[in-house]
Amino acid sequence: MPLVSMRQLLDEAARGGYGVGAFNVNNMEQIQAIMEAARETQSPVIVQASRGARSYSQDRFLYHLMLAATELYPEIPMVLHQDHGNSAETCKSAIALGFTSVMMDGSLMPDGKTPSTFEYNVKTTREVVEAAHAKGVTVEGEIGVLGGIEDGHGAGLDGLSHLTDPDQAAEFVGLTGVDALAIAIGTSHGAYKFSKKPTGETLKMDRLIEIHKRLPNTHLVMHGSSSVPKELQDIINQYGGKLRPTWGVPVEEIQLGIKNGVRKVNVDTDCRLAITGAIRKVFTEKPEEFDPRSYLKPAREAMRRVVALRMTQFGQAGHVGDYAPIPLEEMAKRYRELSAA
Ligand code: 13P
């Protein structure tokens with residue numbers, strides 16, 4: 001099946017009351033790990049690429065790997081999503097390449113670091129919505145500022161300094177027409193999210209519930225949702241790594257979010273940890289090895305396991321055959337009709 005619209009995937013997730021993991025990729029092994037996990041658990045899939053990933057893979061390598069995935073896994077509905085577009089140009093170039101969904105992160109200026117104004121965010125996101133919807137492509141916006149830095153993108157603040165304001169979120173959705181909304185509730189990108197297991201003081205699930213009450217029909221997106229499991233940290237440290245003790249977002253909090261409007265759950269760090277641990281183990285135990293497959297295979301397998309587990313925990317497992325994909329042209333027609341109404 002061709003790459004599908006993220007709007008359709010998230011609408012279906014809302015109907016079924018489940019969340020969909022959005023996993024970041026840079027290379028072939030990561031795409032293979034996700035697709036194998038999806039086949040095993042019978043899950044629809046969102047694969048996302050940051051600007052850094054697009055530049056690392058020269059764009060077209062990544063895009064053609066995704067096309068290969070649609071050929072090899074034709075039964076699986078699959079979205080290719082631009083993670084944290086920093087400008088309308090970045091989003092438009094993703095759409096031109098064939099991405100079926102883009103995130104316009106107008107919470108920051110195009111430098112990807114400086115928090116922007118509400119007016120700038122609305123104007124830039126609206127411009128992307130117009131360009132994307134004309135092609136049937138989905139748009140995720142962001143209001144509030146997430147913590148941390150991902151692939152060079154981020155204000156580098158802690159997760160609590162620019163929490164999403166529910167009134168502003170409602171106004172933003174009304175003015176921009178985004179399909180999905182990333183919110184800041186205390187999470188941040190990367191491994192170092194919390195210095196101890198988060199409580200209501202550091203991870204503001206009450207804020208998320210308030211936003212969902214204001215916007216019951218908007219698909220919410222939880223960024224920075226890796227759980228940073230201790231087992232994965234331990235493997236890295238056991239084989240010569242130097243991670244400081246750290247806590248991620250507990251899966252039960254994500255599941256509470258899913259009960260309250262979260263439909264897209266962004267996970268990158270857990271996959272990175274799984275891959276790194278597996279590679280370190282081979283390097284330590286078999287220092288004589290020099291065939292890249294000897295460590296890339298276990299790395300791919302370690303990522304497959306973590307992705308399959310998350311797909312099951314988020315509830316997307318078993319939903320692969322629930323619906324036929326709506327072509328992007330048909331999505332574009334629906335958006336035109338909606339805006340004319
Ligand atoms: P993690 O660093 O928690 O995996 O978050 C990834 C993310 O939000 C990508 O946008």
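The first residue in the sequence is number 1, and the count goes up from there. Remember, it's 1-based here, ligands and their atoms both numbered in the order they're listed.
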Which of the numbered atoms in ligand 1 are under 4.0 angstrom from any heavy atom belonging to [X]?
| X | result |
| --- | --- |
| H84 | 10 (O) |
| D83 | 9 (C), 10 (O) |
| H189 | 2 (O), 5 (O), 6 (C), 7 (C), 8 (O), 9 (C), 10 (O) |
| D268 | 1 (P), 4 (O), 6 (C) |
| G224 | 1 (P), 3 (O), 5 (O), 7 (C), 8 (O) |
| H223 | 8 (O), 10 (O) |
| V267 | 4 (O) |
| K193 | 1 (P), 2 (O), 3 (O) |

Open item on the list: Checking contacts here: is it the side chain or the backbone of A191 that comes within 4.0 Å of ligand 1, counting heavy atoms only? Could be both or neither.
Closed with: neither

Open item on the list: Below a 4.0 angstrom heavy-atom separation, can you tell me which part of V228, side chain or backbone, both or neither, approaches ligand 1?
Closed with: neither

Open item on the list: So, applying side-chain contact (heavy atoms from CB on, under 4.5 Å) with M66, which one of I31, T100, V79 is it?
Closed with: I31

Open item on the list: I need the single residue from L108, D105, I143 that forms a side-chain contact (heavy atoms from CB on, under 4.5 Å) with N121. Which is it?
Closed with: I143

Open item on the list: Please check: side-chain N/O of N266 versus main-chain N/O of S225, any donor-acceptor pairing under 3.5 Å?
Closed with: no

Identify whether the distance between the nearest side-chain nitrogen and carboxylate oxygen of [X] and [Y] falls below 4.0 Å.
| X | Y | result |
| --- | --- | --- |
| K197 | E253 | no |
| E130 | R126 | yes |
| R334 | E337 | no |

Task: Test of proximity, S226 against ligand 1: N or O pairs below 3.5 Å - done: yes

Open item on the list: If you measure every N or O of S188 against every N or O of ligand 1, does any of those distances drop under 3.5 Å?
Closed with: no

- [ ] Would you tell me whether H81 and E140 have side-chain atoms, one donor and one acceptor, within less than 3.5 Å of each other?
- [x] yes

Open item on the list: So if I apply the salt bridge (Lys or Arg N to Asp or Glu O under 4.0 Å) rule between R304 and each of E40, E29, E36, which one comes out positive?
Closed with: E40

Open item on the list: Are Y295 and F283 an aromatic pair, judged by ring center distance below 6.0 Å?
Closed with: yes

TODO: Consider ligand 1: state whether an atom of it lies below 4.0 angstrom from any non-hydrogen atom of R272.
DONE: no

